[in-house]
Amino acid sequence: MKTIRFLFILIFVYIIPLTGIAQKVGLVLSGGGAKGLVHIGVIKALEENNVPIDYITGTSMGAIIGGLYASGYSPKQMEELFKSEDFKHWSTGIIPPKYIYYFKQLDENPSFIDLDFAKKDEKMKLSLPTNVVPPSQMDFAFMNLFSPASTQAKGDFDKLFVPFRCVATDIYRNDTVNFRRGDLGSAIRASMTIPFYFKPIEIDSVLLFDGGILNNFPTDVMRQNFNPDILIGSAADFKDKKPFKDDLLLQIENLMMRKTKYSIPDSLGIMITSPVRHIPLLDFDKAEETVKIGYETTMSHMEEIKSRVSRTTNIEEIDRKRKQFQDRCPTMIFNNIQVSGVDGSQRYYIIRSIRHKSKTFNLDELKSEYFKILADDKIKSLLPTADYDTLTGYYGLQLKAEQQNPLAVGVGGYFSLSDVNQGYIGLDYRLFNNLPITIQSNLHIGKFYSSFLLGSRLNFTTKHLFALEAYYIKNRWNYFSGSTELFFEDNRPHYVIRNEDNLQLNICFPAKTSSKWEVGINFLNRIDEYFQTTNYTRNDEPDHTTFTAGNLQSLFEVKTFNSKQYPTEGKMLKFEANYLFGTEKERPGSTSQGKPFVRNKHNYIELELSYERYFKTAKWLTLGIVTDSYFSTKTLYNNYTSSIISAKDFSPTVNSSIRYLPYLRADHYFAGGLKAIIPVSPSTHIRLEGYYFQPFQDLLRTENNRSYYNTNLFTSNQFLGCGGFVVHTRFGPASLLLNYYSSGDPKFYLQASFGYMLFNRRGK
C-alpha cells in the first residue's frame with residue numbers, strides 16, 4: 001500500500017509537471033483576406049492570458065500575420081501596421097505622392113485602360129493584364145518587413161522568433177508548396193498572391209499563387225513539420241454564397257475559401273471560428289473591428305483553452321525575448337545593387353538610374369530611388385530582395401526586373417449626356433536599349449475637341465539626368481458645335497473655332513522627386529474663326545485671325561495629385577514664363593465692316609503662377625485651395641473679339657474647360673478658390689468648389705468693335721463654382737455636378753459625365 005501511494009505521489013509531483021513543461025502549442029491560421037485580421041486578435045488574447053505559441057503555420061493572410069509574429073512583431077505592432085496609411089498603399093498598389101517621380105511621367109491623357117502588345121511568333125499579340133493591384137508597393141514592403149528576421153534566422157524558418165511555415169500553390173503541377181526556408185518575404189508573398197488580384201511570383205523557376213487555392217488551413221503542415229501536443233486553429237467564418245458571373249470578388253472568395261474544412265478534432269486541439277461574414281474579402285478599412293472580433297471570440301474560448309493547455313508563459317518574458325530577437329536583426333543598410341531579368345544595356349540603365357550620394361544607402365534612400373526607376377515607362381516590375389553579407393555587414397540589393405512590352409495602346413475619352421463627347425486612342429512604342437526612347441502618338445475625336453499628336457522622348461542617365469522631347473501637335477476646339485446643357489441641342493452655326501498647329505522641342509531636368517524643370521522652343525500657327533456679331537446666318541463667312549509665332553518657354557512644375565481629374569490629395573505648383581514673337585493676320589468675314597486685310601507684329605512676355613493643394617482636416621473632410629495669377633505684356637489684337645479669344649482663360653472646372661466664356665478671359669488676372677471634399681466611401685465623395693476671378697483691367701469694346709483696356713483697375717469680377725458627386729472607378733471618374741456662373745446665361749449647367757476631359761499640349 002505504501003508503494004502504491006509513493007508511485008501516485010511520484011506521478012503528481014514529477015511526471016505531470018514535466019509533461020506540462022514539455023507541452024508544445026501550434027497555432028494554425030487560415031487565409032481570408034481582410035477577414036483574416038481576426039488572427040491578430042486571437043494572438044493578442046493568447047498572449048494576454050499567458051497561453052504559449054510555439055509554432056505557427058499559415059496561408060495567405062494567415063501567412064502574413066503568422067510571418068509577422070514569427071519575425072518578432074507584437075499584436076499591437078501588427079494592428080497598427082494594418083491600420084496605417086503604409087498598409088493602405090501597399091495593399092492597393094498606390095504609390096504615395098512623395099515617391100512619385102514626376103520627371104519620368106509622360107503627359108496625362110484620357111485613357112481608361114492600357115493594353116500591352118508583345119511580339120510572339122513574329123506577330124504582335126495582346127498581352128492581357130494578370131493582376132488588378134500593381135505589385136511594386138507590396139514587393140518593397142515585404143522586403144522591408146521580413147528581410148531582417150530572415151537574415152537573423154539565416155533563411156531557416158525554424159530559427160525565427162517562432163518557428164514558422166507557410167503554404168503556396170504551384171499552379172503548373174496543381175500542388176502545394178510548403179516553405180520552410182529561403183527568403184521569408186518571398187515565401188509569404190507567394191502564399192498571399194490572390195489570383196487575378198495580385199501578380200504571381202516566381203521562385204526557383206516555379207510560378208506560385210495563393211496557398212488557399214489548395215490548402216487554406218494548413219493543419220497537416222503543422223502536424224507534419226512540428227507535431228505539437230495541442231493545436232489551436234483560427235479561421236474566419238464566411239458566408240457561403242453562390243458566385244455570380246459579374247462579381248469577381250465573390251468568385252475569388254469562393255475559390256480561396258470554400259474547399260477547405262475548417263475544423264480540428266477535439267483529440268488534437270481547439271478550433272476558434274470568428275464571425276466575420278459581414279466583412280468583405282478586401283475591406284481592410286474595418287481592421288480595428290475585425291481584430292476586436294478575433295479577440296472577443298478567443299476570449300469566449302479561453303476557459304476551454306486553459307483547461308487544455310496547462311503550460312503557461314509570461315508576457316513580460318515574451319516581450320523581452322522578442323526585443324532580443326529584433327535587436328539581433330541587422331539594420332538594412334545597402335552597399336551594392338545587382339539586376340537580373342534584362343540584358344546588359346538595360347541592366348546598366350537601371351543601375352545608373354539609382355542615385356545615392358555615398359557608397360552605402362539606407363532603406364528610405366533606396367525606396368525613393370526604387371520608385372524613380374518604376375516611374376520609367378519601360379520597366380514593368382522590379383522584385384526586390386535583400387541578401388546580407390556577413391563579411392561587410394551590409395545588404396546587397398537584388399532586383400529582378402521585368403521589361404514592359406514594347407507597344408501599349410490606350411483607349412478612353414469623355415462621355416456625357418450633352419453632345420460634348422470625346423473618344424481617345426493612344427499608341428506608345430517603347431525602345432529599351434542604350435538610349436531608351438518612347439515614341440508617342442494619339443488621336444482625340446469629338447465634335448468639341450479633336451487632336452493629333454506625334455512625338456518622342458529620350459531619357460539620358462548621365463551624371464546629370466535629363467530628357468529630350470519633340471512633339472508635333474494639331475489641335476481643334478469647336479466651342480459652339482453644340483450645347484453643354486443636358487438633353488438639348490444648340491443648332492446655331494459655329495461661333496468660335498480654334499485650329500492650332502505647334503511643334504515643340506524641349507529639354508527636361510528633374511528638380512526633386514515630385515518636380516521638374518522644362519525649357520524649350522515652340523513654333524506655333526493658330527487660326528481663330530469667329531463672328532464679331534450675333535446677327536449671322538449659316539451662309540455667312542466668319543472672320544479669321546491667324547497668329548504665327550515662335551515661343552521661348554520655361555516651366556517649373558511640382559505635381560503629386562492622386563488622380564488625373566477630381567483629385568482628393570496632393571499638390572500642384574507651376575511657374576511658367578514665355579516669350580512670344582510673331583505676326584497677327586486678320587481676314588474679315590462676310591459680316592465684318594473692317595479693313596480687307598490686317599497684319600500686326602507682336603512681341604510679349606507671359607508669366608503664370610498656379611498653386612493647388614489638398615489638406616485632410618478630418619476623417620470626413622478634405623479642404624483644397626487654388627490660386628492662379630497671370631500677367632502678360634501683350635498688345636491688343638485688331639478687334640475686340642479676336643483680342644478676347646486670344647486672352648488667357650481661367651477654367652478650373654471640367655465644365656468651364658469645354659465652354660467659351662468671354663467673362664473668364666483676361667490678359668492680366670488673379671483668381672482663387674476653395675474646395676470641400678466629403679468622402680462617402682473609399683471611391684465616392686461629395687465635391688463642392690467655389691472660385692473668384694479678378695481681372696486687373698477689363699477689356700472693353702468700342703462701337704466699331706475695337707478693343708481697349710479700362711483705365712480703372714479691378715472694376716469687375718466673376719464667381720463660379722460646382723457641386724455634386726464624383727465616383728472614382730478603375731476606368732475613370734463618373735460625376736454628377738451642378739455648375740454655376742455669375743455672368744452666365746443660363747447661370748446653371750448640370751453635368752453628368754464619365755471619363756477624363758484632358759487635352760494635348762497647347763501652343764501659347
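Index from 1, following the sequence.
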Q | Trace of the salt bridge (Lys or Arg N to Asp or Glu O under 4.0 Å) decision for R223 with D220 | A | CA-CA 5 Å; R223 297 183 67 191; D220 56 334; over 6 Å; no
Indicate every side-chain donor-acceptor pair of residues 139-151 with a distance under 3.5 Å to a residue at least two apart or in another chain.
from : atom 1 : to   : atom 2 : distance (Å)
D139 : OD1    : R189 : NE     : 2.7
S147 : OG     : M143 : O      : 2.8
S150 : OG     : G182 : O      : 3.4
S150 : OG     : L184 : N      : 3.3
T151 : OG1    : S147 : O      : 2.9
T151 : OG1    : Y395 : OH     : 3.2

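- For the residue pair E48 / Y295, a side-chain donor-acceptor distance below 3.5 Å is found, with atom types taken as modelled.
- Two residues are said to be in side-chain contact when any heavy atoms from C-beta on lie closer than 4.5 Å; D387 and F334 fail this criterion.
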Q: Begin from the C-alpha positions of R322 and S74 and carry the test side-chain contact (heavy atoms from CB on, under 4.5 Å) through to its verdict.
A: CA-CA 8 Å; R322 181 182 287 127; S74 69; 3.7 Å; yes
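- A salt bridge does not link D364 to K367: none of the charged nitrogens lies less than 4.0 Å from a carboxylate oxygen.
- Looking only at side-chain heavy atoms (C-beta outward), P384 and K400 stay at 4.5 Å or farther from each other.
- Ion pair D327/K323 flagged as a salt bridge, since at least one NZ, NE, NH1 or NH2 atom sits closer than 4.0 Å to an Asp/Glu carboxylate oxygen.
- A donor-acceptor pair shorter than 3.5 Å cannot be found between the side chains of N216 and T59.
- Contact of the I230 side chain with the R308 side chain is registered, since non-hydrogen atoms from C-beta on lie closer than 4.5 Å.
- Distance check: F87 CZ to I64 CD1 gives 7.0 Å after rounding to the nearest 0.5 Å.
- A salt bridge does not link E85 with K616: every distance from a Lys NZ or Arg NE/NH1/NH2 to an Asp or Glu carboxylate oxygen is 4.0 Å or more.
- Between V221 and F226 there is no side-chain heavy-atom pair separated by less than 4.5 Å.
- Residues I270 and L231 have side chains not in contact (no heavy-atom distance under 4.5 Å, counting atoms from C-beta outward).
- With respect to the salt-bridge test (charged N to carboxylate O, under 4.0 angstrom), the residues D170 and R173 qualify.
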Q | Verdict with reasoning, F371 to Y99, per ring-ring contact (aromatic ring centres under 6.0 Å, His included) | A | CA-CA 6 Å; F371 286 111; Y99 292 114; 5.7 Å; yes
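- Atom CG of N405 and atom CG of D116 lie 5.0 Å apart (nearest 0.5 Å).
- With respect to E47 and K76, no salt bridge is recorded, no charged nitrogen being found less than 4.0 Å from a carboxylate O.
- Partner of D158 under the salt bridge (charged side-chain N to carboxylate O under 4.0 Å, His left out) criterion, chosen from R165, R181, R180: R165.
- A salt bridge is defined here as a Lys NZ or Arg NE, NH1 or NH2 lying under 4.0 Å from an Asp or Glu carboxylate O, and E317 with R320 meets this definition.
- Salt bridge annotation for K372-E369: present, with a cationic side-chain nitrogen under 4.0 angstrom from a carboxylate oxygen.
- The neighbour count for Q77 CD, taken as heavy atoms of other residues, nucleotides or ligands under 6.0 Å away, is above 12.
- Within the model, atoms OG of S136 and CD1 of I373 stand 11.5 Å from one another, a figure rounded to the nearest 0.5 Å.
- Taken from CG in N215 to CG in D175, the straight-line distance is 10.5 Å, to the nearest 0.5 Å.
- With a 4.5 Å cut-off on side-chain heavy atoms, E289 and I279 count as touching.
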